[in-house]
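Okay, structure first, notes after.
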Amino acid sequence: MPPRRSTRRRLLVMVLFLAQLLGIVSALDALMSTRTAPGAVAWIVSLNTLPVVAVPAYWVFGRSKFQGYVIGRREDDNQLYRVLDDKMSLVTPFHVQPSPGASQVRTMEQLAKMPMVGGNEVELLIDGDATFASILEGIRAAERYVLVQFYIVRDDELGRTLQQALIDKARQGLEVYFLYDEIGSYRLNGGYLAELSAAGVQVRRFHSTRGTGNRFQLNFRNHRKIVVTDGRFGWVGGLNVGDEYLGRDARVGAWRDTHLKMEGPATLCLQLSFVEDWHWATGEILTFNWQPVPAAGADIPILTLPSGPADRFETASLMVQHAIGSARERLWVSSPYFVPDEGVLAALKLAALRGVDVRVLIPERPDNILTYFAAYAFVAPLLEAGVQIHRYQEGFLHAKTMLIDRQASAVGTVNLDNRSFRLNFEVTSWVMDEGFADQMAAMFEQDFARSRRMTGDEVADKPWWFRVASRAAYLGAPLL
């Protein structure tokens, strides 16, 4: 054998041996650190059978715990915790004490580490035009400061409109803070950010790669969408900043989404979430207005629940499971990505079996082909249990909402998938009000009218290759 060929072969053998060794080490790490058994199995199998590909993928995408990010309010010795705990104590007079039988509220408060507070007014914002008209109006009316945080920001017509509104407020002497996710907004160009900075806007990106051991991982995203003005008005929901969210992208078509505007003490809970994220990005502790200002003529209770991979528990998944378990009459939920974990699947089946009207609204064709295939792997058992699956027909459904019985409504950023449950930083606001629940119900009814209801035959009639693809996609769901 020629010496050169022999050398190449020895080198190849060494590389493969090293890859296998790293695969074994990585599999041990996955065994000890992956949060779910299916996720651990998926990684262990791939790391040992195809280590050349799986090892770098694992250390980039496989992490399920965000080392370095510390939720300040949960660490007694943390300076941020001490400052924010003192500030948030001001909302204590507005704390709505749950009734003796309302264990579901107390559980949510324990998950959120925040109280449910009253004194609020809310407005349901349906689709992009209403949402951004409200947000831009609120920014222009701000008198002291503006906080803006989005997962995706585009340099397009809507992005430029938001940019100009922030520049105008900064030039008026207001404090303006702009936080964006470095992965979700990776296409946002430097010129856009430089113009904001030049006008006096404080611009930072949320570093999912900041911190020891995080340099090469891309698994964690800050998926929150929050706007706060003067500590009095807040906006949260599913919409990012881009023309497609207004239905202006011909490739995407009509965009169906939902946002929430709030006025009152609950806004400070959104502000707290922003301040924690800003602290991670900069190390700074922002000082703003923390004096609650109740809305005139309204007293609606709101509980805001941030969640993320730095939490001690899997907060988002537990929140959804608890909400489903508390339903007695009605459970309506919408999500663009529907690949729930075993706990949520079991909760949905049990709710339907005990007679709850369970309806899940998802897109006809989501923008992620893997989640599209994965959904068909578990739809049949849900349908057999009595869960209704409705597929939205008129464009892309992106709303993340939930309606429980006749009082509890949720608007936020959590999708019913592994990424939102375990990998993303998310936020959900729960509104406890019958009038608002009626508005949510009317919105859902309109969406159901624009959807088709799935049947068991539809799933059974899929060709064999489709069923194989569905099972394969579902087995990879913990990695999505």
Side-chain angles (χ1 to χ4, degrees), residues 71-74 79-99 102 105-106 108-125 134-135 137-139 141-149 169 174-177 179 224-237 259-279 284-307 407-412 427-433 435-436:
I71 301 294
R73 66 179 178 275
R74 298 174 187 171
Q79 182 183 3
L80 178 65
Y81 168 83
R82 293 194 295 270
V83 171
L84 295 184
D85 185 56
D86 179 62
K87 300 296 185 183
M88 287 300 292
S89 66
L90 297 173
V91 306
T92 301
F94 297 92
H95 182 199
V96 178
Q97 294 291 342
S99 62
V105 174
R106 289 193 294 271
M108 288 291 195
E109 287 183 326
Q110 288 296 314
L111 286 173
K113 300 299 181 183
M114 290 190 194
M116 182 172 67
V117 295
N120 305 289
E121 179 63 277
V122 294
E123 180 181 357
L124 182 63
L125 301 171
S134 178
I135 289 174
E137 179 184 5
I139 290 173
E143 298 177 349
R144 287 179 289 177
Y145 61 87
V146 178
L147 315 178
V148 174
Q149 175 180 7
K169 301 312 289 188
L174 276 69
E175 295 180 87
V176 181
Y177 296 84
L179 182 64
R224 294 168 180 158
K225 297 97 173 172
I226 292 174
V227 177
V228 172
T229 61
D230 299 337
R232 293 185 56 193
F233 302 93
W235 292 260
V236 64
H259 232 71
L260 172 71
K261 178 187 177 182
M262 66 180 70
E263 175 188 1
T267 301
L268 296 178
C269 298
L270 286 180
Q271 182 166 288
L272 174 67
S273 177
F274 180 94
V275 169
E276 288 177 345
D277 287 345
W278 188 271
H279 178 68
E284 303 169 1
I285 300 178
L286 300 178
T287 56
F288 296 120
N289 169 47
W290 293 96
Q291 183 63 49
V293 180
D299 191 22
I300 296 175
I302 299 177
L303 173 65
T304 294
L305 197 156
S307 57
Q407 186 174 25
S409 307
V411 179
V427 61
T428 304
S429 286
W430 285 90
V431 180
M432 310 298 289
D433 180 72
F436 187 77

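We number each residue from 1, following the sequence as shown. Bear in mind the structure is a predicted one, so any value in this text is a computation, not a measurement.
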Determine the minimum heavy-atom distance between Val236 and Ser429, stating which atoms define it. CG1-OG, 3.7 Å

Close side-chain approach of Lys113 to Pro306, heavy-atom, < 4.5 Å: no

Asp230 to Glu143 - nearest heavy-atom pair and separation: OD2-N, 2.9 Å

Quick check against the 3.5 Å criterion: does Tyr145 have a side-chain atom that pairs as donor or acceptor with the backbone of Gly231? yes

Would you say the side-chain atoms of Glu284 and Tyr177 include a donor-acceptor pair closer than 3.5 Å? no

Atom CH2 of Trp278 and atom CG of Leu179: how far apart are they, to the nearest 0.5 Å? 6.0 Å

Which heavy atom in Met116 sits nearest to a heavy atom in His95, and how many Å separate them? O-CD2, 3.2 Å

Of the non-hydrogen atoms in Val275 and Trp290, which two are nearest, and what is the gap between them? CG2-CZ2, 4.0 Å

For Glu123, does the CD atom sit with more than 12 other heavy atoms under 6.0 Å from it, leaving out its own atoms? yes

Short question: side chain of Lys169, backbone of Ala142 - any donor-acceptor pair under 3.5 Å? yes

What's the verdict on side chain to side chain contact (heavy atoms under 4.5 Å, CB included) for Ile302 and Phe436, showing C-alpha distance, side-chain angles and the deciding distance? CA-CA 11 Å; Ile302 299 177; Phe436 187 77; over 6 Å; no

Heavy-atom pair of closest approach, residues Lys225 and Gly237: CD-O, 3.3 Å

Got a second to check how far Thr304's OG1 is from Leu272's CG, nearest 0.5 Å? 9.5 Å

Can you check whether Phe288 reaches Val228 side chain to side chain, under 4.5 Å on heavy atoms? no

Atom pair OG (Ser307) and CZ (Arg224), whose distance is rounded to the nearest 0.5 Å: 6.5 Å

Can you tell if the side chain of Thr229 reaches within under 4.5 Å of the side chain of Trp235, non-hydrogen atoms only? yes

Separation of Leu303 CG from Glu109 CD (nearest 0.5 Å): 6.0 Å

CG of Leu270 to CE of Met114, rounded to nearest 0.5 Å, is 8.0 Å

Main-chain N/O of Asn289 paired with Gln271 side-chain donor or acceptor, under 3.5 Å: yes

Do side-chain atoms of Asp433 reach the backbone of Ile300 as a donor and acceptor pair under 3.5 angstrom? no

Residue pair Arg232, Glu263: steps toward the salt bridge (charged side-chain N to carboxylate O under 4.0 Å, His left out) verdict: CA-CA 6 Å; Arg232 293 185 56 193; Glu263 175 188 1; 3.5 Å; yes

Value rounded to 0.5 Å, distance of CG in Leu111 from CG in Leu305: 6.0 Å

Closest non-hydrogen contact found for Pro265 with Val117 is C-CG2, 4.1 Å

Would you check if Asn120 and Phe94 make a side-chain contact, meaning some heavy-atom pair closer than 4.5 Å? no

